Amino acid sequence: MSVRDWDAETGRGIVRALKHLEGALLPILHAIQDEFGYVDEAAVPIIADELSLSRAEVHGVMSFYHDFRKHAPGQHIVKICRAEACQSVGGRDSEAHAKDRLNTDFHETSADGRYTLEPVYCLGNCACGPSAMIDGKLYGRVTPRRLNQLVDALEGRR
Amino acid sequence: MITVYVPCDASAVSLGADEVARAIQAEADRSKTEIKIIRNGSRGLFWLEPMVEVATPQGRIAYGPIGEDDVAGLFAAGFLQGGAHALRRGNPEEIPYLKNQERLTFARCGVIDPLSIEDYIAHGGYQGLTNALKMQLADIVAAVTESGLRGRGGAGFPTGIKWKTVLATPADQKYIVCNADEGDSGTFADRMLMEGDPFLLIEGMTIAGLAVGATKGYVYIRSEYPISFAQMQRAIEVANAKGYLGDNVRGSGKAFQLELRLGAGAYICGEETSLLDSLEGKRGMVRAKPPLPAISGLFGKPTVINNVLSLAAVPTILDKGAAFYKDYGMGRSRGTMPLQLAGNIKRGGLVEKGFGLTLRQVIEEFGGGTASGRPIRAVQVGGPLGAYFPASLLDTPIDYEAMAAQKGMLGHGGIVVFDDSVDMAQQARFAFEFCATESCGKCTPCRIGSTRGVEVIDRIVAGEERDRNFIVLDDLCETLLDGSLCALGGLTPFPVQSALKHFPEDFHRAPRKTARAAE
Ligand SMILES: Cc1cc2nc3c(=O)[nH]c(=O)nc-3n(C[C@H](O)[C@H](O)[C@H](O)COP(=O)(O)O)c2cc1C
Ligand code: SF4
Ligand code: FES
Ligand code: FES
């Protein structure tokens with residue numbers, strides 16, 4: 001998913017374009033992550049400077065929210081719903097299967113750099129679970145078998 | 001030109017609605033048939049999604065659930081004329097699930113083109129605002145109070161009272177904040193509404209702004225809802241362009257600007273004071289109350305903060321009158337409640353009905369029992385902080401007071417069904433685990449006690465000193481109940497204690513290791 005490598009000029013441009021907003025920090029962090037796939041350490045002083053915050057404040061906000069990544073993710077980001085409605089239809093099996101199939105654990109990226117696996121607590125798809133989100137697209141009834149099909153498709157074979 | 005409806009709703013999309021829409025267009029092009037595809041919202045009959053509808057001279061005819069592979073067959077069966085097909089469901093409004101509901105807030109969802117303001121108006125939209133613009137501010141607030149509307153976000157606080165405080169607090173700037181963080185597992189009504197009838201929320205917020213003298217509104221949408229965010233963004237652009245938002249709403253001389261903000265994956269940011277901090281660009285820490293947000297809210301200004309469904313109920317109240325709305329419901333729970341049937345359920349979806357149905361009626365009559373066909377064992381009502389009900393308590397009526405009497409809560413109206421394969425010790429463990437993951441960190445019992453809770457349950461399950469550990473667990477729950485600033489810590493004992501009370505056998509089985517402990 002890493003859309004491009006970090007570069008400070010683009011980063012500062014994003015911050016400048018959004019800093020006029022009320023409560024601009026979250027929109028800025030989202031925009032940077034959308035552009036680069038994560039929020040590079042080097043973005044922190046730039047944001048702090050433009051918003052007149054301390055670096056510690058920017059760090060504090062970044063680390064509070066589960067969404068913001070500190071490292072570049074793998075090529076594909078797979079989020080699996082861990083919440084109750086999905087549990088009731090076999091979500092725990094899908095979780096375990098995702099770790100197996102993608103060869104990684106939650107909050108980690110597979111050694112080959114292909115997959116980042118993240119837990120998510122409800123995708124609002126609770127009548128059609130187990131639910132997953134792959135590269136931003138929502139999928140329902142993601143049994144281990146269906147997960148295999150979706151990952152196969154990413155691997156380019158059907 | 002034949003109109004075909006294919007939902008844009010996230011759940012429909014999760015089951016292939018985009019691919020179905022593309023396949024229908026391709027097949028129509030191939031057969032040189034002129035069609036117009038409207039991406040409507042969902043009617044909330046999720047077991048039939050993707051549910052495609054065709055506008056025929058006899059009215060709309062539904063087909064579902066439709067997969068990409070069914071499309072050629074549908075054309076062959078003449079579905080554009082309402083032809084017979086194994087997946088034909090007839091007039092959707094005659095499907096008992098929908099027919100037996102009382103849809104006020106969701107009356108248009110799935111029916112109209114969500115991004116057409118003309119369609120919205122043709123179906124009764126903006127009548128509420130038109131009326132409100134002719135009223136005294138205090139009378140708008142009084143109508144909301146008289147309707148009996150209580151907050152649909154979870155706490156059930158009377159909406160009119162909140163508005164009255166904001167109206168009565170003078171300030172140079174006031175805000176309307178819509179809580180669209182919808183973090184509870186088992187809930188999706190806010191999402192459906194934002195995707196299927198976004199102008200209703202915009203109208204409700206505009207009326208709120210008018211009523212209390214707020215010129216600026218924010219909708220805080222969780223990042224797990226990208227489709228809702230995009231849909232709301234487009235609807236706001238349309239409303240601005242048509243003069244329903246902006247500096248001069250409908251030529252009234254009053255301003256109301258609306259902006260969206262995206263959450264960042266923190267359940268606690270659904271709590272109103274945490275949400276306000278998050279909107280201000282800070283960590284979403286819970287604030288002690290007082291001051292109430294109504295007096296000192298966003299950026300320290302008087303702020304109305306309401307759930308999507310609370311705000312979306314307002315146009316109906318201003319259009320049809322407080323008495324009309326109040327007529328639905330029972331006891332001190334007035335109006336209709338959009339319930340969400342989720343989990344292991346045959347017919348999951350949205351059921352909007354006046355308060356007073358029992359859990360059993362909703363789960364059995366609407367939901368048709370479990371999806372697996374196995375017996376129902378437990379039902380969690382009101383999200384991750386809600387109690388687990390055993391099958392023997394399913395005759396409890398769904399209203400605020402009856403739920404509280406069972407040490408539970410209605411919350412945002414999510415109902416999650418589990419069959420007899422559920423392990424309630426694992427569910428209790430998850431409640432603590434979730435609290436630990438999502439704690440804002442301000443209170444020690446919530447931050448630390450939740451992790452302790454996970455460990456204690458692991459010990460009980462593993463058969464270590466069970467009697468002593470049950471006492472530790474009880475103490476822990478009491479500490480959380482008493483020592484938490486907000487309901488995340490304060491209500492986590494609800495799912496835990498209800499599991500212990502109603503399903504003790506799951507905590508007394510032969511010793512075993514939990515999944516985590518075994519790793
Ligand atoms: C941990 C926690 C999470 C909450 N999550 C939500 C939520 O996602 N959506 C919501 O509307 N209210 C949520 N609430 C309730 C809000 O604090 C608040 O009561 C609500 O936004 C007020 O609006 P209402 O009166 O219209 O319900 C949550 C409360 C707590 C304690
Ligand atoms: S109970 Fe938990 S989430 Fe709530 S304020 Fe305390 S630490 Fe934060
Ligand atoms: S933000 Fe997740 S525990 Fe503090
Ligand atoms: S619980 Fe998994 S989508 Fe809601």
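Lettering of chains follows the sequences in order, A, B, ..., and the numbering in each one begins at 1. Since the structure is predicted, the reported quantities are computational estimates derived from the model, not experimental observations. Just the heavy atoms: all of them, side chains too, but no hydrogens, waters or symmetry mates, feed the values below.
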Tell me, with the steps shown, if B:E280 and A:L25 meet side chain to side chain contact (heavy atoms under 4.5 Å, CB included). CA-CA 8 Å; B:E280 292 179 11; A:L25 186 47; over 6 Å; no
List the steps, then state whether side-chain hydrogen bond (donor to acceptor under 3.5 Å, both in side chains) holds for B:Q426 with A:Q87. CA-CA 10 Å; B:Q426 286 310 309; A:Q87 292 166 3; over 6 Å; no
Working for side chain to side chain contact (heavy atoms under 4.5 Å, CB included), residues B:C269 and A:Y65: CA-CA 10 Å; B:C269 289; A:Y65 295 96; 3.7 Å; yes
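Between B:S14 atom OG and A:L123 atom CG the span is 9.5 Å, to the nearest 0.5 Å. The line from SG of A:C126 to CG of B:D184 is 9.5 Å long, rounded to the nearest 0.5 Å. With rounding to the nearest 0.5 angstrom, the CG atom of A:N125 is 8.5 Å from the CG atom of B:D9.
Residue-environment remark: CZ (B:R374) exceeds the threshold of 12 foreign heavy atoms within 6.0 Å.
A heavy-atom distance below 4.5 Å is not found between the side chains of A:H66 and B:Y267. Here the side chains of B:E49 and A:C128 are not in contact, with every heavy-atom distance at 4.5 Å or above. Residues A:L26 and B:R261 are not in side-chain contact: their nearest non-hydrogen atoms beyond the backbone lie 4.5 Å or more apart. With contacts defined as side-chain heavy-atom distances shorter than 4.5 Å, the pair A:S63/B:R283 qualifies. Looking only at side-chain heavy atoms (C-beta outward), B:I268 and A:F64 come within less than 4.5 Å of each other.
Under the 3.5 Å distance criterion, the side-chain polar atoms of B:N344 are matched with a main-chain donor or acceptor of A:S88.
The heavy-atom pair separating A:A127 from B:G349 by the smallest distance is CB-N, 4.1 Å. For the residue pair B:F430 and A:R92, the shortest heavy atom distance occurs at CB-NH2, 4.3 Å. What you find for A:H30 and B:A264 is that their closest heavy atoms are NE2-CB, 3.9 Å. The minimum heavy-atom distance linking A:C122 with B:S185 is given by the pair SG-CA, 3.8 Å.
No other option in B:G263, B:S421, B:S372 has as many heavy-atom pairs under 4.5 Å with chain A as B:G263. Among B:P384, B:G284, B:A431, B:G348, the residue with the largest count of heavy-atom pairs under 4.5 Å with chain A is B:G284. Among the candidates B:Q380, B:M285, B:E182, B:M192, the residue making the largest number of heavy-atom pairs closer than 4.5 Å to chain A is B:Q380.
For B:T187, the part lying under 4.5 angstrom from a heavy atom of chain A is the backbone only. For a residue to count as touching a neighbouring chain, one of its non-hydrogen atoms must lie under 4.5 Å from one of that chain's; by this rule A:V61 touches chain B with backbone and side chain alike. Contacts between B:T370 and chain A at a heavy-atom distance below 4.5 Å are absent for every atom of the residue. Contacts of B:V422 with chain A are absent, with no heavy-atom separation under 4.5 Å from either backbone or side chain. Interface remark: B:A371 contributes no atoms to any contact with chain A (heavy atom separation under 4.5 Å). Proximity to chain A is absent for every atom of B:I345, based on heavy atoms less than 4.5 angstrom apart. For B:K346, no part lies near chain A; criterion is any non-hydrogen pair under 4.5 Å. For A:L53, no part lies near chain B; criterion is any non-hydrogen pair under 4.5 Å. With a 4.5 angstrom heavy-atom cutoff, A:K79 does not touch chain B via any of its atoms. Proximity to chain A (any heavy atom under 4.5 Å) is restricted, for B:E259, to the side chain, taken from C-beta onward.
Between B:F434 and A:Y121, the ring center distance clears the sub-6.0 Å criterion.
Residues of residues 218-233 of chain B lying under 4.5 angstrom from chain A, judged on non-hydrogen atoms, are B:Y218, B:Y220, B:R222, B:S223, B:E224, B:Y225, B:P226 by number. Applying a 4.5 Å heavy-atom cutoff, the residues of residues 412-420 of chain B that approach chain A are B:V416, B:V417, B:F418.
Between the side chains of B:Y175 and A:E22, a donor-acceptor pair is found at a separation under 3.5 Å.
We find that B:K282 and A:E57 are not joined by a salt bridge, their nearest charged nitrogen and carboxylate oxygen being 4.0 Å or further apart.
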